[in-house]
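Inspection log for the structure reproduced underneath, given as structure tokens.
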Amino acid sequence: DNSTVLHVTGFIPNADANKAHHMLRYTCNNPGELPGKAYDCLHHSICRDGQSIMFAWAKNAPATTLPPGVSFTLDPSVKRYLVLQVHYAHQVTEPDYTALSLSYTSEATRYQAGILLLLRSYLNIPANSPSVHGDINCKVKKN
């Protein structure tokens, strides 16, 4: 149903880090291909209209369950599609069943989860450095 709002309370990976290096779950309105078709995302061209990250998995991390009363809201009137991006550790030569399932409820939760992704470019790491800081900060205009 294109009008049902769901509230995601957890993420259940079916993946092996020896095959899938990491997975990212996005929401968007105009994916690179129609649902059900795998495609090459060309290193981050997930959707034609921009995407929002919802979840990330790597290194054989276990399933994630959000705290009670917290969920990600999936509202088809805001973002219509879910897209799973899988980056592989090595070239895949056999059928692959890497997946990410969601646990959800139709009942709204008190709190809404979200992702705040911070990144830094142009960090110089001198040779033989035991550690380097790449500090990142910003002002978030949200309650």
Side-chain angles (χ1 to χ4, degrees), residues 4-143:
T4 302
V5 176
L6 298 175
H7 305 278
V8 177
T9 57
F11 302 88
I12 304 102
N14 178 21
D16 179 350
N18 291 324
K19 186 182 276 189
H21 184 268
H22 65 274
M23 295 188 290
L24 299 163
R25 169 71 77 196
Y26 294 95
T27 60
C28 71
N29 281 319
N30 192 5
E33 290 291 340
L34 294 175
K37 183 171 182 190
Y39 60 98
D40 186 345
C41 62
L42 301 173
H43 301 289
H44 307 296
S45 285
I46 312 306
C47 301
R48 295 184 180 121
D49 62 346
Q51 61 270 345
S52 297
I53 191 168
M54 183 181 197
F55 183 75
W57 171 93
K59 298 186 175 183
N60 288 329
T64 297
T65 301
L66 297 174
V70 179
S71 68
F72 285 90
T73 301
L74 287 179
D75 183 345
S77 70
V78 177
K79 295 282 186 180
R80 191 168 168 207
Y81 293 98
L82 290 172
V83 178
L84 179 63
Q85 180 188 48
V86 180
H87 283 191
Y88 289 95
H90 310 284
Q91 183 176 355
V92 177
T93 58
E94 57 193 44
D96 180 49
Y97 302 99
T98 298
L100 180 68
S101 298
L102 307 176
S103 57
Y104 60 90
T105 178
S106 58
E107 300 297 319
T109 55
R110 181 172 179 186
Y111 300 104
Q112 185 173 335
I115 297 287
L116 177 61
L117 181 62
L118 300 174
L119 63 100
R120 177 180 171 141
S121 298
Y122 309 108
L123 176 67
N124 289 322
I125 304 174
N128 303 312
S129 298
S131 66
V132 173
H133 289 274
D135 298 329
I136 302 169
N137 64 45
C138 66
K139 213 178 243 192
V140 178
K141 297 177 182 175
K142 294 273 185 182
N143 293 333

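Everything numeric here is computed off the predicted structure, so don't read it as measured data.
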Handout entry: Test item: side-chain donor near acceptor, H22 and H87, under 3.5 Å
Key = yes
Problem - H7 side, atom NE2; L102 side, atom CG - distance, nearest 0.5 Å - result: 13.5 Å
Problem - Gap between atom CZ of R25 and atom CZ of F72 - 0.5 Å precision - result: 12.0 Å
Exercise for the section: Enter the distance from C28:SG to I46:CD1 here, rounded to the nearest 0.5 Å. Expected result: 8.5 Å
Exercise for the section: Assert yes or no for the condition that the ring centre distance of Y104 to F11 is strictly below 6.0 Å. Expected result: no
Handout entry: Neighbour count >12 (heavy atoms, 6.0 Å) for atom CG, N124
Key = no
Exercise for the section: Would you kindly say whether T73 and D75 are connected by a side-chain donor-acceptor distance under 3.5 Å? Expected result: no
Handout entry: Under 3.5 Å donor-acceptor, N29 side chain and R80 backbone
Key = yes
Practice task
Check whether more than 12 heavy atoms from other residues, nucleotides or ligands sit under 6.0 Å from atom OH of Y39, and answer yes or no.
Solution key: yes
Exercise for the section: Nearest 0.5 Å please: distance from the OG atom of S71 over to the CD atom of Q112. Expected result: 7.0 Å
Exercise for the section: Measure the CG-CG distance between N60 and D16 for me, rounded to the nearest 0.5 Å. Expected result: 5.5 Å
Problem - Working for side-chain hydrogen bond (donor to acceptor under 3.5 Å, both in side chains), residues N30 and Y81 - result: CA-CA 7 Å; N30 192 5; Y81 293 98; over 6 Å; no
Handout entry: R110 CZ: over 12 foreign heavy atoms closer than 6.0 Å
Key = no
